[in-house]
Amino acid sequence: LWIFGYGSLVWRPGFEFTSRKVGYIRGYSRRFWQGDTFHRGSEQAPGRVVTLLEDDEECTWGVAYKVCGEQIAASLQYLNVREAVLGGYDTKMVKFHPQEKDAGEPIQALVYIATPQNPSYLGPASEEDIAAQIRVSSGCAGHNMEYLLRLADFMRCFCPQAEDKHLFSIEEALISLLPRLCPSEKALEQ
């Protein structure tokens with residue numbers, strides 16, 4: 001079984017696997033439209049995590065993990081809690097295209113997608129509003145900013161040829177909200 005991850009699964013799968021491949025699926029765009037009140041947020045300040053939106057013109061990059069034998073049941077049990085019970089995601093089979101040039105045919109992979117029908121679905125908002133929400137949210141897996149920044153780093157390091165305007169626009173909006181680390185000009189004048 002192959003499992004495709006496009007959010008925190010790209011750096012923290014949390015289950016044993018036999019191998020992994022970077023690549024993409026077609027027909028979907030990644031969006032920070034899913035709320036999170038456990039891993040990256042709380043009831044008082046829900047975080048924002050990614051889901052997939054059907055979009056024939058787009059593709060989403062991520063990582064597919066191959067699980068075999070006893071790994072299958074263990075990974076599905078773990079992901080059912082992490083993604084479905086706590087996250088509100090449903091499963092779907094998709095065609096995964098490995099990044100390697102000699103990869104051959106696409107691979108069928110399981111993916112978790114949060115639909116608008118789940119109670120944690122937040123839907124669209126401006127990049128600035130999403131960044132502001134991410135800036136103040138934190139959950140048991142860490143700060144929501146870490147989630148955004150690690151995902152952006154993954155894209156730059158492993159998929160530099162891919163565009164993800166939504167992701168990078170939110171990252172840019174978040175950075176503009178953070179305090180500057182250099183001294184102000186007034187402090188330098190004194």
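Owing to the predicted nature of the structure, the values given are computational and were not obtained by experimental measurement. We use all heavy atoms of the structure for the numbers below, so side chains are in, but hydrogens, waters and symmetry mates are not.
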Contact check, side chains of [X] and [Y], non-hydrogen atoms, under 4.5 Å:
X	Y	value
M155	R30	yes
D164	T60	no
L110	M93	yes
I113	E54	no
W11	L151	yes
D36	S120	no
T91	V111	no
Y121	Q34	yes

For [Y], is there any backbone N or O sitting under 3.5 Å from a side-chain donor or acceptor partner on [X]?
X	Y	result
R26	D55	no
N144	R135	no
Y147	R48	no
S169	H166	no
H39	G139	no
Q133	P46	yes
E127	E171	no
S176	A173	yes
E83	N80	no
Y28	T51	no

Taking ring-ring contact (aromatic ring centres under 6.0 Å, His included) as the definition, give me every residue that meets it alongside W61, ordered by chain and number, with sequence neighbours left out.
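W61: ring-ring contact (aromatic ring centres under 6.0 Å, His included) contacts with Y24.
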Rounded to the nearest 0.5 Å, what's the gap from CE on M145 to OG on S138? Could you check?
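The distance works out to 8.5 Å.
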Interatomic distance, Q99 atom CD to K101 atom NZ [nearest 0.5 angstrom]:
8.5 Å
Given side chain to side chain donor-acceptor pair (under 3.5 Å), test E16 with S75 step by step and report yes or no.
CA-CA 7 Å; E16 290 186 29; S75 63; over 6 Å; no
E100 atom CD: more than 12 heavy-atom contacts under 6.0 Å
yes
Between Y112 and Y89, does the ring centroid distance fall short of 6.0 Å?
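Distance test on ring centres: not under 6.0 Å, no.
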Please test E128 against E172 for side-chain contact (heavy atoms from CB on, under 4.5 Å), starting from the C-alpha separation and ending with a verdict.
CA-CA 9 Å; E128 293 77 16; E172 187 176 311; over 6 Å; no
